[in-house]
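Encoded as structure tokens, the structure appears first; notes follow it.
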Amino acid sequence: MSKLLEIRGLRARIANGREVLKGIDLDVAAGEVHAIMGPNGAGKSTLSSVLAGKPGYEVTEGTVRYLGRDLLAMPADERAREGVFLAFQYPVEIPGVNNMYFLRAALNAGRRQRGQAELDAQQFLKAVRDRLKLLDIGDDLLRRAVNVGFSGGEKKRNEIFQMAMLEPKLAILDETDSGLDIDALRAVSDGVNRLRDPARAIVMITHYQRLLDYIVPDRVHVLADGRIVASGDKTFAAELERTGYAYLGDAA
Amino acid sequence: MSDSATANRPASNAPPAGLLEGIVQAEGYKYGFITDVETEDAPPGLNEDTVRFISAKKGEPAWLLEWRLKAFRRWQTMAPPDWAKLNIAPIDYQGASYYSAPKAASGPKSLDEVDPELLKTYEKLGIPLGERAALAGVAVDAVFDSVSVATTFKDKLADLGIIFCSFGEAVREHPELVRRYLGSVVPQGDNFFAALNSAVFSDGSFVYVPAGVRCPMELSTYFRINAAKTGQFERTLLVADRGAYVSYLEGCTAPQRDENQLHAAVVELVALEDAEIKYATVQNWYPGDENGKGGIYNFVTKRGACRGARSKISWAQVETGSAITWKYPSCLLEGEGSTGAFYSVAITNNRQQADTGTKMIHIGRDTSSTVISKGISAGRAQNTYRGQVKVLSNADGARNYTQCDSLLIGKRCGAHTVPYIDVRHPGAKVEHEATTSKISEDQMFYCQQRGLTAEDALSLIVNGFCKEVLNELPMEFAVEAQKLLAVSLEGSVG
């Protein structure tokens with residue numbers, strides 16, 4: 001399988017601050033689901049931010065290749081239009097901007113990039129209905145302003161819905177399970193599972209093993225103190241659950 | 001009463017460019033043409049003879065000359081207001097010329113002579129080709145062959161008895177109406193700039209909608225684009241008779257070329273029993289360069305009187321231009337059950353300053369008013385909402401709701417909210433809400449992570465912030481205004 005994402009020796013720090021990523025190596029192929037686990041402060045969210053191009057971080061060393069291209073050289077919006085999607089840990093509210101309007105603008109920005117025709121209102125609505133059906137969610141969020149007044153569960157559901165609409169090649173889910181009760185977690189996980197696709201890679205970042213009960217990964221990695229210190233298949237997660245991160249010794 | 005949120009106001013406020021050496025030269029250079037001085041212009045200076053000269057040039061009746069002179073005498077005793085949060089270089093009123101004859105030959109001869117930057121902006125705003133030329137100041141007769149457009153509309157309006165003409169024409173053709181209403185809402189001595197306007201006003205628009213008539217189209221100054229230039233002291237008078245309805249659009253979204261730095265307009269609205277007036281403005285005068293040099297000073301007095309019972313007046317404005325804006329469209333709620341509304345978006349960027357808001361004066365019983373103000377500051381701009389809600393002692397059942405939201409872009413701009421609330425009736429209900437927020441990096445990144453460019457992200461966030469006001473604009477205007485907001489903020493994100 002061809003590598004969709006290749007990370008080599010990635011070091012990054014918070015702009016003018018401490019080094020958080022201290023040499024990451026990671027390969028992700030299309031169709032795979034990877035879980036990146038680790039204790040708080042290990043650098044999990046920094047990794048997702050750096051991959052998505054969030055301002056405020058400085059890459060000091062290393063390379064990231066995405067579909068053979070230098071990902072780090074691309075501005076954040078271009079990465080997005082080229083198929084990199086970040087499901088936010090804390091989705092941001094945008095008052096006065098209708099959720100549907102926002103999504104259509106985003107979708108058409110990507111289509112323009114790929115040289116496809118923009119969707120008109122009717123085509124867009126059809127796509128929305130199809131995805132709502134696929135994810136088995138109602139349309140109650142669509143008429144509201146982006147994330148404004150959404151509950152924690154609604155926000156996460158909305159992220160997955162956006163993912164379904166934008167059809168990314170690489171989806172990074174940053175602590176998508178955090179703050180969800182068991183029903184919401186199940187709903188969101190079902191959505192993600194339906195979006196698994198041979199052409200799509202998913203990288204889940206999580207603090208808790210429980211997410212992996214619902215979205216079963218192909219690979220599990222432990223991130224500690226800015227490095228991937230251990231990797232394994234799906235059974236590895238269960239092992240971690242029993243032993244905790246402590247056995248990783250000084251690295252954790 | 002004042003609650004201010006200032007993000008690091010610049011320590012030294014460089015005064016804007018010296019007035020009157022300003023825009024003529026600056027613009028002349030900018031657009032690469034020279035304005036010939038014509039003998040029809042009044043010599044610089046302002047005295048009673050200047051006022052007589054203007055009145056004579058316009059062939060006005062004696063009563064109007066007397067009216068102007070009275071205003072001029074009042075003006076001489078007055079001082080410019082100093083309470084606004086504006087940094088205004090002293091203005092030399094004697095250094096200006098107060099009358100110039102319309103000069104068809106003074107502008108660029110064709111679009112080829114117009115600054116390509118300006119044309120690019122027109123394109124971004126989607127202004128039709130024919131209008132671009134007119135807006136850029138190309139001698140209109142040469143490009144605007146559709147006199148028929150204006151006349152077609154005029155015929156249709158005339159059938160309904162609606163008068164829509166230049167102020168000068170109204171003085172000649174409908175002197176009784178002008179005389180009855182002129183100065184009845186904004187008296188000559190109302191304030192310094194209104195008095196100046198009353199003395200030397202150049203031209204403007206007049207609208208009368210007869211009793212029971214609903215004006216079938218938005219009245220727009222677009223239709224009068226090929227009329228003589230109205231000049232810097234514009235006067236507008238709009239009367240809706242009993243049960244009449246009219247929606248009026250002033251200005252346009254394209255940046256307008258203008259040679260006068262000081263603009264002191266007066267707008268008076270009169271709504272009689274059951275009448276409704278909607279007045280929408282998009283103001284996009286030249287704001288000056290990045291350092292505020294050469295921009296227009298826009299000092300406007302706008303006021304509407306809800307004279308009759310159940311009458312309604314609403315102001316909607318999108319203010320993006322001018323170096324300095326001093327403007328408070330207001331409502332006098334005299335008639336029982338009358339309602340007033342003010343919806344405003346004011347954007348300031350670079351060195352622009354805006355002090356704008358409204359006055360809602362509750363005089364009659366069961367009057368109500370709504371104020372929604374959205375101020376956006378970027379660059380080093382200062383943006384102040386200043387509003388008054390006054391409830392007089394006889395205004396039983398008066399209600400007001402005010403909402404002022406400020407948005408800051410960057411770290412060097414300021415937003416200020418100054419509400420004056422004066423309630424003399426114990427039963428009045430007055431509500432005021434104010435918020436100040438910043439466009440966060442998180443919001444920008446969220447939009448960009450979904451594929452929107454930084455410009456599109458900013459535009460989306462700002463339009464969302466302004467939504468309640470944009471909803472009050474006529475549809476086409478709202479679409480143009482959305483684009484305008486984006487253009488106004490260009491360069492304010494890194």
Side-chain angles (χ1 to χ4, degrees), chain A residues 15 48-49 51-57 74-99 101-114 118 144-148 155 158-159 161-163 165-168 170-172 174, chain B residues 318 343-345 347 372-376 403-411 433-473 478-479 481-483 485-486 489 493-494:
Chain A
S48 63
S49 295
L51 292 178
K54 185 175 181 178
Y57 298 90
M74 295 155 72
D77 53 321
E78 194 188 333
R79 296 182 199 190
R81 290 192 299 272
E82 290 292 349
V84 176
F85 179 91
L86 173 64
F88 283 64
Q89 182 178 6
Y90 304 107
V92 182
E93 299 187 0
I94 310 176
V97 177
N98 175 271
N99 212 13
Y101 180 87
F102 176 72
L103 199 48
R104 192 173 153 204
L107 187 64
N108 281 331
R111 293 182 66 88
R112 277 197 302 276
Q113 177 101 359
R114 293 188 294 272
E118 296 188 19
R144 290 152 67 179
V146 180
N147 292 322
V148 175
K155 281 183 180 171
N158 193 37
E159 293 291 291
F161 173 62
Q162 291 187 30
M163 174 178 157
M165 289 297 295
L166 297 176
E167 302 183 308
L170 171 64
I172 304 160
D174 188 7
Chain B
V318 175
Y343 303 98
S344 170
V345 170
I347 289 199
I372 310 282
S373 162
K374 306 278 181 177
I376 299 153
Q403 183 189 327
C404 299
D405 298 322
S406 303
L407 188 66
L408 300 169
I409 302 171
K411 295 192 170 97
E433 289 180 20
T435 66
T436 300
S437 52
K438 290 179 86 162
I439 285 195
S440 68
E441 274 190 8
D442 287 346
Q443 281 175 326
M444 289 293 291
F445 178 62
Y446 191 73
C447 295
Q448 287 173 272
Q449 212 300 308
R450 296 300 182 253
L452 303 180
T453 61
E455 290 76 27
D456 287 348
L458 183 69
S459 163
L460 187 92
I461 295 166
V462 167
N463 275 305
F465 174 75
C466 299
K467 193 173 184 197
E468 293 148 285
V469 173
L470 296 178
N471 283 348
E472 296 297 327
L473 293 174
V479 172
Q482 286 194 16
K483 292 185 201 159
L485 297 186
L489 291 169
V493 282

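Order of the sequence lines sets the chain letters (A, B, ...), proteins ahead of strands, with each chain counted from 1.
Proximity to chain B is limited to the side chain of Leu166(A), based on heavy atoms less than 4.5 angstrom apart. Residue contact with chain B, scored on non-hydrogen atoms closer than 4.5 Å, is absent for Pro75(A).
Heavy-atom pairs under 4.5 Å with chain B peak, among Leu86(A), Leu103(A), Val146(A), Val97(A), at Leu86(A). Note: Gly451(B) leads Cys447(B), Ala457(B), Cys466(B), Gly451(B) in heavy-atom pairs under 4.5 Å with chain A.
Here CZ of Phe85(A) is found 10.0 Å from CD1 of Ile172(A). Values are rounded to the nearest 0.5 Å. In this structure, the separation between CG on Leu460(B) and CG on Leu452(B) is 6.0 Å, given to the nearest 0.5 Å. The structure places CD1 of Ile376(B) at 6.5 Å from CD1 of Ile409(B), a figure rounded to the nearest 0.5 Å. Of the inter-residue distances, the one linking Leu51(A) atom CG with Leu170(A) atom CG reads 7.0 Å to the nearest 0.5 angstrom.
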Put together the list of donor-acceptor pairs under 3.5 Å connecting chain B with chain A, please.
residue	atom	partner	partner atom	Å
Gln443(B)	NE2	Glu93(A)	O	3.0
Tyr446(B)	OH	Asn147(A)	ND2	3.2
Tyr446(B)	OH	Glu159(A)	OE2	2.4
Tyr446(B)	OH	Gln162(A)	NE2	3.1
Gln449(B)	OE1	Leu86(A)	N	3.0
Gln449(B)	NE2	Val84(A)	O	2.9
Arg450(B)	NE	Gln162(A)	OE1	2.4
Arg450(B)	NH1	Leu86(A)	O	2.9
Arg450(B)	NH2	Leu86(A)	O	3.2
Arg450(B)	NH2	Glu159(A)	OE1	2.6
Arg450(B)	NH2	Glu159(A)	OE2	3.4
Gly451(B)	O	Arg81(A)	NH1	2.9

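Of all the heavy atoms in Ala52(A) and Ala76(A), the pair that sits closest is O-CB, 3.6 Å. The two atoms that bring Phe465(B) and Gly375(B) nearest to each other are CE2-O, 3.8 Å, heavy atoms only.
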